[in-house]
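Residue numbers start from 1 in every chain, and the chains themselves are labelled A, B, ... in the order their sequence lines are given, proteins ahead of strands.
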There are 2 protein chains.
Amino acid sequence: MRTGNKTTSKRNLNEPQSISLGAVRSTKESANERHQRIYQVIRERISLLHYPPHTVIGEIELADEFNVSRTPIRRVLQRLQHEGLVDIRSGVGTVVTDIDIKTMKEVYDLRMYLTELISELSPRIISSEHISATEALLNRTKLMYDGPDSEAYGRLCNDLHEVLISLIGSAPLREITDNLYYRSARIWITFLPNLVWSDVIYDQEMETAEIIAAMKRNDIRGVVQVRRYYLHTLLTRISDYLRGVGHATASPMKPIVINSSD
Amino acid sequence: MRTGNKTTSKRNLNEPQSISLGAVRSTKESANERHQRIYQVIRERISLLHYPPHTVIGEIELADEFNVSRTPIRRVLQRLQHEGLVDIRSGVGTVVTDIDIKTMKEVYDLRMYLTELISELSPRIISSEHISATEALLNRTKLMYDGPDSEAYGRLCNDLHEVLISLIGSAPLREITDNLYYRSARIWITFLPNLVWSDVIYDQEMETAEIIAAMKRNDIRGVVQVRRYYLHTLLTRISDYLRGVGHATASPMKPIVINSSD
DNA sequence: AATATAACATCTGTATACAGCTCGGTCAGA
DNA sequence: TCTGACCGAGCTGTATACAGATGTTATATT
């Protein structure tokens with residue numbers, strides 16, 4: 001189909017072929033690296049409710065922000081759609097998915113079972129880096145009693161999740177665990193205004209401290225059991241809240257206004 | 001390909017165009033439906049080794065076959081890459097992934113655990129359609145002793161898989177189970193020439209028959225335990241073959257009857 | 001003959017024009 | 001005022017030209 005008489009045969013005779021670019025390699029980002037970078041940025045924005053549910057994300061808007069065309073953006077959004085975080089609607093836009101309680105319950109049940117699998121299938125060796133990283137998270141947690149800060153709490157949860165999935169040796173299980181986490185993580189922050197802040201932080205501090213203790217015993221089974229217990233605790237806490245407001249389920253989740261003033 | 005002409009009259013003639021009844025929705029295929037169709041076709045080709053590992057699939061080749069441009073094809077291939085079935089390499093092509101034994105072991109371990117979860121998390125009601133569909137598969141199995149037919153066997157396994165995942169009520173678990181199946185299904189067919197054909201078909205017949213029996217008892221726990229047992233058996237058989245390559249032929253597998261009374 | 005290098009064929013990655021879809025606003029008519 | 005059809009702004013979906021990447025082949029040099 002392409003006409004053979006193009007300028008490809010005599011292209012770039014003017015430009016020097018290459019002036020030994022050995023050191024400049026780091027400046028160039030490969031396509032896959034860029035994809036991964038944009039993907040993680042947008043996924044974080046969704047998980048931190050910077051893009052709350054029902055937000056319409058425009059492809060052109062993102063393309064301008066990341067200085068690319070719509071094509072790589074669409075690749076990212078299609079991946080996010082397949083992971084259940086957005087819904088691409090023709091003629092409308094890319095809409096951040098809502099948080100459906102029933103689905104969320106299923107995801108949480110799955111996560112609790114899979115968490116136990118981590119210790120049975122292919123645990124990795126717990127290194128001192130794991131421990132020190134988790135201790136840093138514990139310190140960040142202790143500084144958060146002062147006042148509600150949903151975004152900081154969300155980042156804390158995400159970072160703890162990152163440490164824990166790095167303990168999973170089985171690549172498929174790691175991917176699934178990661179995927180399910182980001183599918184369900186938003187509900188924590190969504191319900192945050194309805195819970196007692198200091199209780200939430202206390203849970204987080206206890207979980208982190210117990211995980212560190214288990215890590216120091218090199219007890220990965222203990223780690224995942226702690227994790228599983230706190231997953232259960234939070235799910236129970238949210239269920240209790242939902243039962244408590246029972247009738248007033250018109251808008252169980254108010255969108256949190258994240259201060260995005262510019 | 002349709003340049004500016006709005007009419008859909010010049011569509012594919014080999015596809016039966018439905019006669020316009022009241023609802024004419026089926027005349028036009030939506031973008032998502034087309035994506036799903038192409039995706040399933042290519043995934044089946046990979047699972048049946050119609051595209052064996054290391055096959056290079058060209059985007060233009062597929063685009064011509066499905067009468068679309070590269071854009072929708074790329075969307076399908078990117079999805080398959082994310083699911084681990086192909087590897088898209090810039091400047092080279094889209095390469096069907098090889099079957100790595102270590103990863104396959106991890107996937108099989110995961111599948112066995114997840115299979116048990118099916119009966120615990122959210123089982124669906126077993127309908128008569130499920131039973132009759134499975135009985136049809138049993139009949140197909142019984143006709144296959146005549147001679148080795150890897151492709152027919154692969155289709156049989158895929159169809160049985162379809163029936164079983166339709167019993168999963170939890171959408172996330174269903175997706176994960178489906179994904180892991182297609183990640184690992186190819187290894188069955190790959191090792192088929194090294195196994196005794198009649199033994200393989202006998203296993204398949206026994207598994208299907210026992211699944212039907214459990215279905216008729218409305219015993220979904222029994223269904224998944226049968227499934228789990230045969231997963232384990234096949235994995236063991238392949239492991240045995242790999243350990244004893246050269247001097248030991250595949251040992252025939254003893255069928256057992258699962259006692260699923262609790 | 002062996003080897004390094006340059007040219008090339010062919011593939012994927014990106015940008016972009018345009019087609020198709022959705023929804024809200026607008027305006028004529030009852 | 002109400003209704004309904006229509007139109008247009010703005011979005012996603014598709015096709016395509018071109019840029020970049022990669023493996024191979026031809027060629028020059030030793």
Side-chain angles (χ1 to χ4, degrees), chain A residues 1-18 20-21 24-25 27-39 54-82 86-96, chain B residues 1-8 10-12 25 27-39 54-82 86-96:
Chain A
M1 193 69 69
R2 73 178 53 175
T3 60
N5 197 6
K6 281 295 185 183
T7 59
T8 46
S9 58
K10 68 180 291 287
R11 75 182 172 93
N12 286 345
L13 284 184
N14 305 334
E15 302 180 13
Q17 192 67 3
S18 69
S20 71
L21 299 168
V24 205
R25 174 166 305 219
T27 54
K28 198 73 176 175
E29 187 183 36
S30 84
N32 283 333
E33 288 167 346
R34 187 171 67 182
H35 168 77
Q36 196 66 16
R37 177 172 58 86
I38 298 176
Y39 164 75
H54 304 293
T55 301
V56 177
I57 315 177
E59 295 178 354
I60 299 176
E61 176 192 352
L62 288 175
D64 289 344
E65 177 184 346
F66 290 99
N67 280 305
V68 294
S69 77
R70 284 175 53 212
T71 307
I73 296 295
R74 283 177 61 77
R75 184 179 162 199
V76 169
L77 293 180
Q78 280 158 1
R79 179 174 173 190
L80 289 169
Q81 180 181 37
H82 190 253
V86 302
D87 186 17
I88 304 176
R89 297 183 201 169
S90 175
V92 178
T94 300
V95 185
V96 177
Chain B
M1 280 149 246
R2 68 176 62 185
T3 57
N5 193 355
K6 288 186 186 178
T7 65
T8 60
K10 195 61 171 50
R11 262 311 257 173
N12 261 348
R25 177 171 298 224
T27 49
K28 189 89 175 172
E29 187 182 38
S30 81
N32 283 333
E33 288 167 346
R34 187 172 67 182
H35 167 78
Q36 196 66 16
R37 177 173 57 88
I38 299 176
Y39 163 76
H54 304 293
T55 302
V56 176
I57 315 176
E59 295 177 353
I60 300 176
E61 176 191 352
L62 289 175
D64 289 345
E65 176 185 346
F66 290 100
N67 281 305
V68 295
S69 76
R70 284 176 53 213
T71 307
I73 296 295
R74 284 177 60 76
R75 184 179 162 197
V76 169
L77 294 180
Q78 280 157 2
R79 178 174 172 189
L80 289 170
Q81 179 181 39
H82 190 255
V86 302
D87 186 18
I88 304 176
R89 297 184 203 167
S90 176
V92 178
T94 299
V95 185
V96 177

> Ion pair present between B:E59 and B:R70, side-chain N to carboxylate O less than 4.0 angstrom?
Replying inline: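 The answer is yes: the pair qualifies as a salt bridge.
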If I take atom [atom1] in residue [X] and atom [atom2] in nucleotide [N], what distance separates them, rounded to the nearest angstrom?
X     : N      : atom1 : atom2 : value
A:F66 : C:dT14 : CZ    : P     : 14 Å
A:H35 : C:dT12 : NE2   : P     : 17 Å
B:L62 : D:dA15 : CG    : C1'   : 16 Å
B:D64 : C:dC11 : CG    : P     : 11 Å
B:D87 : C:dT12 : CG    : P     : 12 Å

>> For B:V76 versus B:H35, what's the shortest heavy-atom pair and its separation?
In response: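 Residues B:V76 and B:H35, closest heavy atoms: CG2-ND1, 3.4 Å.
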> Which heavy-atom pair separates B:L77 from B:T94 by the least distance, and what is that distance?
Replying inline: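 So the minimum-distance heavy-atom pair works out to CD1-OG1, 3.5 Å.
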> For the side-chain contact (heavy atoms from CB on, under 4.5 Å) test, which of A:I38, A:I57, A:V68 pairs with A:L62?
Replying inline: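 Single pass found, and it is A:I57.
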Shorter than 3.5 Å, N or O on both sides, protein versus nucleotides 11-13 of chain D: list them out with atom names.
residue : atom : partner : partner atom : Å
D:dT12  : OP1  : A:I57   : O            : 3.3
D:dT12  : OP1  : A:T94   : N            : 3.4
D:dT12  : OP2  : A:E59   : N            : 3.3
D:dT12  : O4'  : A:G91   : N            : 3.3
D:dG13  : OP2  : A:R74   : NH1          : 2.6
D:dG13  : OP2  : A:R74   : NH2          : 2.7
D:dG13  : N7   : A:R70   : NH2          : 3.1
D:dG13  : O6   : A:R70   : NH1          : 3.1

> Does OP1 or OP2 of D:dT14 have a side-chain N or O of B:S69 closer than 4.0 Å?
Replying inline: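 No, B:S69 has no side-chain N/O under 4.0 Å of OP1/OP2 on D:dT14.
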> Crowded around A:R37 CZ? As in, over 12 foreign heavy atoms under 6.0 Å?
Replying inline: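 It does: A:R37 CZ has more than 12 such atoms within range.
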> Would a 4.5 Å heavy-atom cut-off, applied to side chains only, mark A:V96 and A:H54 as touching?
Replying inline: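 No; the side chains remain at least 4.5 Å from each other.
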